[in-house]
Amino acid sequence: MAIDSLILGAGQEVGKSCVVVTINGKRIMFDCGMHMGYLDHRRYPDFSLISKSGDFDNALTCVIITHFHLDHVGALPYFTEVCGYRGPIYMTYPTKALAPLMLEDYRKVMVDRRGEEEQFSSDHIAECMKKVIAVDLKQTVQVDNDLQIRAYYAGHVLGAAMFHAKVGDTEMVYTGDYNMTPDRHLGAAQIDRLRLDLLITESTYATTIRDSKYGREREFLKVVHKCVSGGGKVLIPTFALGRAQELCILLDDYWERMNLKVPIYFSAGLTIQANMYYKMLISWTSQKIKETYSTHNAFDFKNVHDFERSLMDAPGPCVLFATPGMLSGGFSLEVFKHWAPSERNLVTLPGYCVAGTVGHKLMSGKPTKIDLDKDTQIDVRCQIHQLAFSPHTDAKGIMDLVKFLSPKHVILVHGEKPKMVSLKERIHSELGIMCYDPANNDTVSIPSTHYVKAGASDTFIQGCSNPNFKFYRNSAGDSDLNDKNFMQDVQVKDERVIEGVIVKEKSQKAKVVHQDELLVMLGENRHELQFAYCCPVQIIDLKEMKSTYLNSRNSMLCLSENFSWLQVLQWRLSDEIPEGNIQSYGEHLQIESFHVSLCLKDSCPYRVQDNHQNRMKSMFFCCIWSAPDEKLARKILSIMEKLNLSKI
Amino acid sequence: MKFTCLSKGGGFHFPPCHMLNFCGFRILFDCPVDLSALTIFSPVPTGFDSFPDEESCDFEFVTEKRQKVEKPLGANSLIRAEPWYKTVKSLHLWNISQIDVILISSPMGMLGLPFLTRMKGFSSKVYVTEASARLGQLMMDDLVSMHVEFRQFYGCEDSGFPQWLRHEELELLPPELREVVLGKDGTELGGWMPLYSAADVKDCMQKSHKLKYAEEVYYNGILAIKAFSSGLEIGSCNWIINAPKRDIVYISSSTFVSAHAMTFNYCALQGINTIIYSDFSSLRVMGDVEDENNYFPQTADKLSSLSNDCSSQELAESSLNMDEHLEEREKLGFICSCALECVKAGGSVLVPTNRLGTLLQLLEQISALLESSAMEVSIYIISSVADELLAFLNVIPEWLCKQRQERLFSGEQLFAHVELIRRKKLHVVPAVHSSKLLTNWQEPCIVFSPHWTMRFGPVVHLLRRWCGNPNSLLILEDGFDPKLALLPFEPIAMKVLQCVFPSGLKLQKVEPLIKTLLPKIVLFPEDLKPQISLSNAKSFSVFHYTEDDTLHVPCQKDSSVFEIATDLASQFHWKKLMQENFNISRLKGELSIDHGKYHLLVGKEQGSSSKHSSLLHWGSPDVQKLLAALSKMGINGSLEQGISDTESETVHVVHVQDYKGLIKVGTRSTVISAADESLASLIFEAVDSVLDGI
Ligand SMILES: [Zn+2]
Ligand SMILES: [Zn+2]
Ligand SMILES: [Zn+2]
């Protein structure tokens, strides 16, 4: 059996995340995103590859959305309302609450500002969201009899989740976007140790290693403070959700500490409304914010006000959060047109801007003029600050996660090709894990595990009941010790080597039993199969021995006639095989199953007659042992045959 | 599997408590406290001095020496001492250190937990849903803070065993109270405990493992435990325990209809082998709305029955649920209209409830009704934890019913109280003497305040203030004797309304539910047998249990399941036995017990050995066949004639390669002797081939 992953989007690029994974007959679509950089058919995944006939309900078992970013959810209303998918859709509670805001915001931008024909309407969004089943973190969801899914905390944005899917014995994780370090309002990603066949992970920062984020935050606060104290205006183009809240917590806190009175504005009612969602969804934020919500909800911003259009050209400094991010159009671009020509003002840009947006143009080089369209040109004299903190994990975080989960295979998506190639090689060489970086519309096939089921008898289970517990830290990620929430209990795993017999009786299920039980099952008696050998050992003169033997032995041992030949043999053997555990039982010695006693019979059946008459004096020791100790027995025998025994 | 019902509990605030012995683990279900037993104590005896328009407080707490010679039960009969709390008595007969797992099904089932966690030797793993844990903690904190009033009055007598629990004193108690102390059979004295401290509660919370909705956790790697909503209260749940030999579902009091908590998820419980049914609520079927003055019509329970073959879909959407929903609304509507009448007449309304569902719904409906009737009446919630409680309720959409979740998705507050507080219609204060209350106190008003036993908490003060006012209204919960509860406040002129709210499944839904779940075994309370007979069911067997009796339930599956990795399975050397239809193979691997399963994997230092000789043999070798096998290997053997040996065992001796080796073949054993190692192993191979072995 195999797992087939069809990459419909985010293959060697960032945008329109969409992977369709087929596991043992179940087909799951992970994310249904759109590409912000395209306006033609390339903005959506090529759904026709899932089903030529467009019968998506039968072609897919379910759709899973990891978080509310448009590159992960943007095509969903189109897929359900235009393409007609009516099967189950899963996302976390915050994603279900916040995704429609993102979609609506985007739809408005497209229709109102660009005058484009709309791809989906407000009703489409509402209808689409009605079909969504909201899930909690770690909730075990039985999609049908065979498919089980579970969400794990991913950091990144509020409600972002990695999804674990399990069909039969085959298990995989699709990460979506994640962050392995906590930020101002979210915790770090956290996941259980799982037995995975496949991990599909984002790789936005496949080669970047980031230093402390506090330094980068300080830098941001410094440039903002400098700008407003010089009477300038700060424009922070951002999407309504996610970064806006993080930066707002940062600024609100800084304003309090520095006792600043410069107003902070939000562009539309949208973000204010978004804050209300954040307040209700506080349990999805970081531990610190959760702990304080009943006295002060961190999303009750003290210094934040609604922005009126008339304030755009009002004198005096201010800070403005305006949508959309990346200055791709809409209100943020309109404000930019007004503020960009003054060198006192400041524009902050996110760490990543999609090609084709004004944000992207500003980031590449230092343009002094930007052509908006044929007729509009903007003079850019303002300062530009690029935010250096990102809600994505860096390369170290990706490697940590892969190492922690130790899947059999890794597929990289959501990144840039050259960087992905180098990460792919690292995963392969450092961790010894097969890794792939497929392009869009490629399919990767990997084998899947499954287990053979067999019953086990009680005796057998009890026989293996000496636990050998191993403890693992339960979460992967930066050990940010302040963030206790994600330092959960260690996971206990119990591993031990066991031996038994598996029995298959015709037309019955195989059963594992202890070997002693087997005979009872079969109604048979054990037949003992042993080896025996009557071994000759030379005896030499005692005086000779004194010098050679006593020197080597502990002088406390005084040999005398009172000691039997068997004891003498025991001492000599323990010299020769110090690792052997020699037990003395008076009449015989025992090493494992090897049993040796003095043989005084004249003719012993186990004595081989031919080669013993050449020596003067020999003693015979009868030895008997069972098959598993054959190697040990032959070693002891060869030692015995070379021995010279003597006593005083 | 062994199951012992330690207590069948009593109503919403006192859930049942059981012990289960299963898979070698001891599991305790819930750890409640019988708070209704508090009613044998005199209420907190503080005056009412903090209110602005103080009337003379006529309550006297003079401790006159009581002579109790069969006097009728009166306010003076109540015990005047710092109360102790009545826990489940049989629980203390178990060795606390031997309980492996404690599963808490509701906030109410948690209230007795600190009594256990503070004990020496406590080492159990406690599992509780995150919502139950938070609500339970708030309830416990509230208990501790209300109890302080008793401490302040009676002083801290750390003398250990209190006077009132002494035998002589108990003898003097009126029989009604004595029965509460000792139980019907006189054995419950050992269950009484002094209350835990705030530090005990904190410690208890630290020892509890909080679970998300339907999160799967593994105890010792082998018990897989999951919680699904029961509908009774926010965070309350039913449990599924999967083990290699048996799956169990524990059904606590559950409801299909809830206006606040996520409703009973019974679909998730389908197809589980064994059901432990622990909802005793239908034992307590009473009239719906009772009133001391008896001028309200009683709503009779509609006893329609469901058809037996109802599908799961029908169960949830059955007309019965609609009825139940409707009934609930009628009931609430009725209470609200009574409250409105009362405030119109200038009286105040007092609601001593600790049921969140009731509180939240009444709050929303009364405020709406007041608004629509253009009445300006203040509503107060007075409780030490009210602030935190209300804040918490607005941040747990994951544990709320569908209608409330919809509010999140449409961007509204989950409950109306957020808006009511903002508009200053609702005042939330920690205590009756807090300055915030004193500055905006206005009568008539509507007050929600603990505790429902009316022995401590702000309600005691307000009840003393209003009990003589015939225009005032007291709205009580069910689950306790109102006569005993109100005794210290006699004579009572205010109106009293006691309401029954659903505390579990309706009687007529129990049987259809169990049939829908398709179990093989059902553990069912003996007490419910007269009302619900499951004995005619063919698809499952029923075991009835009673309090304090241990039920032994036979095992169903005879073996546990091992999951063997395919790469290991491919290494098996299957061997067909001479006898019958057996195929066998030796198996060696690394056993990994996790996620509730036994996995067998290829061990680390384990190569696939090509040659594989048997280590265990059975049967008796045929000497002729052995000789044939030897000669096939090019070894000559000669049978020594006529040697018969000891102990009635026939022994043949075969000499090999001209006396270089010897085989002594018996019926039970064979000995191979040869000085040469390779010859010995060849002979072994030959013997092995004529025997069955592994
Ligand atoms: Zn994202
Ligand atoms: Zn993304
Ligand atoms: Zn011998």
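Worth knowing before you read on, the calculation uses all heavy atoms, side chains too, and leaves out hydrogens, waters and symmetry mates. Letters go in sequence order (proteins before strands), and every chain restarts at 1.
- Interface remark: B/Q413 contributes backbone and side-chain atoms alike to the contact with chain A (heavy atom separation under 4.5 Å).
- Between A/Y606 and B/V671, some side-chain heavy-atom pair lies under the 4.5 Å cut-off.
- The two atoms that bring A/Y277 and B/L408 nearest to each other are CE2-O, 3.0 Å, heavy atoms only.
- Heavy atoms of A/K279 lying under 4.5 Å from chain B belong exclusively to its backbone.
- Contact annotation for A/Q142: neither backbone nor side-chain heavy atoms come within less than 4.5 Å of a heavy atom of chain B.
- Applying the side chain to side chain donor-acceptor pair (under 3.5 Å) test to B/K210 and every residue at least two apart in sequence or in another chain returns nothing.
- Nearest heavy-atom pair across A/F531 and B/A680 is CE2-O, 3.6 Å.
- Only the side chain of A/I624 has a heavy atom closer than 4.5 Å to any heavy atom of chain B.
- Side-chain contact of B/T670 with A/H527: a donor-acceptor pair under 3.5 Å is present, judged by distance alone.
- For the options A/V452, A/V132, A/L98, heavy-atom pairs under 4.5 Å to chain B are most numerous at A/V452.
- Contacts between B/F392 and chain A at a heavy-atom distance below 4.5 Å involve backbone atoms as well as side-chain atoms.
- No side-chain heavy atom of B/R407 sits less than 4.5 Å from a side-chain heavy atom of A/M280.
- Rounding to the nearest 0.5 angstrom, the gap separating the CD atom in B/E130 from the CG atom in A/D136 is 6.0 Å.
- The side-chain heavy atoms of A/E524 and B/L577, taken from C-beta on, include no pair separated by under 4.5 Å.
- Interface remark: A/I498 contributes backbone and side-chain atoms alike to the contact with chain B (heavy atom separation under 4.5 Å).
- Nearest approach of A/S283 to B/E398, heavy atoms of both residues: OG-OE2, 3.9 Å.
- Rounded to the nearest 0.5 Å, atoms CG (B/L616) and CD (A/E528) are 9.5 Å apart.
- Only the side chain of A/L518 comes within contact range of chain B, judged by heavy atoms closer than 4.5 Å.
- Looking at residues two or more places apart in sequence or on another chain, you find no side chain to side chain donor-acceptor pair (under 3.5 Å) involving A/Q530.
- There is no contact between B/K575 and chain A, counting heavy-atom distances below 4.5 Å.
- When all heavy atoms of B/K212 and A/L137 are compared, the closest pair comes out as CB-O, 3.3 Å.
- Looking only at side-chain heavy atoms (C-beta outward), A/K509 and B/V561 come within less than 4.5 Å of each other.
- With a 4.5 angstrom heavy-atom cutoff, B/L662 touches chain A only via side-chain atoms.
- One distance of note links OH of A/Y533 with CD1 of B/I672; it measures 15.5 Å at 0.5 Å rounding.
- In this structure, B/H599 and A/Y451 have tilted ring planes: the angle between them lies in the 30° to 60° band.
- The parts of A/V503 that come within reach of chain B are both its backbone and its side chain, each placing non-hydrogen atoms under 4.5 angstrom from that chain.
- In terms of heavy-atom pairs under 4.5 Å with chain B, the best-connected choice from A/S626, A/A97, A/A532, A/A510 is A/A532.
- Heavy-atom distances place the side chain of A/D169, and not its backbone, under 4.5 Å from chain B.
- In terms of heavy-atom pairs under 4.5 angstrom with chain A, the leader among B/A268, B/A227, B/P621, B/G271 is B/P621.
- For B/A569, the part lying under 4.5 angstrom from a heavy atom of chain A is the side chain only.
- For the atom pair CD1 of B/I584 and CE of A/M521, the computed distance is 9.5 Å after rounding to the nearest 0.5 Å.
- Both the backbone and the side chain of B/L414 come within contact range of chain A, with heavy atoms under 4.5 Å apart.
- Each of B/Q405, B/K226, B/E388 has some count of heavy-atom pairs under 4.5 Å with chain A, and the biggest count is that of B/Q405.
- Not one N or O on the side chain of B/S585 forms a donor-acceptor pair closer than 3.5 Å with the backbone of A/I502.
- Only the side chain of A/L519 comes within contact range of chain B, with heavy atoms under 4.5 Å apart.
- Proximity to chain A (any heavy atom under 4.5 Å) is shown, for B/D387, by neither the backbone nor the side chain.
- Going from atom OH of B/Y598 over to atom CZ of A/F460 covers 10.5 Å, rounded to the nearest 0.5 Å.
- If you measure heavy-atom distances from B/A674 to chain A, the contacts under 4.5 Å come from the backbone alone.
- There is no contact between A/A126 and chain B, counting heavy-atom distances below 4.5 Å.
- Interatomic distance, A/Q139 CD to B/F228 CZ, rounded to the nearest 0.5 Å: 8.0 Å.
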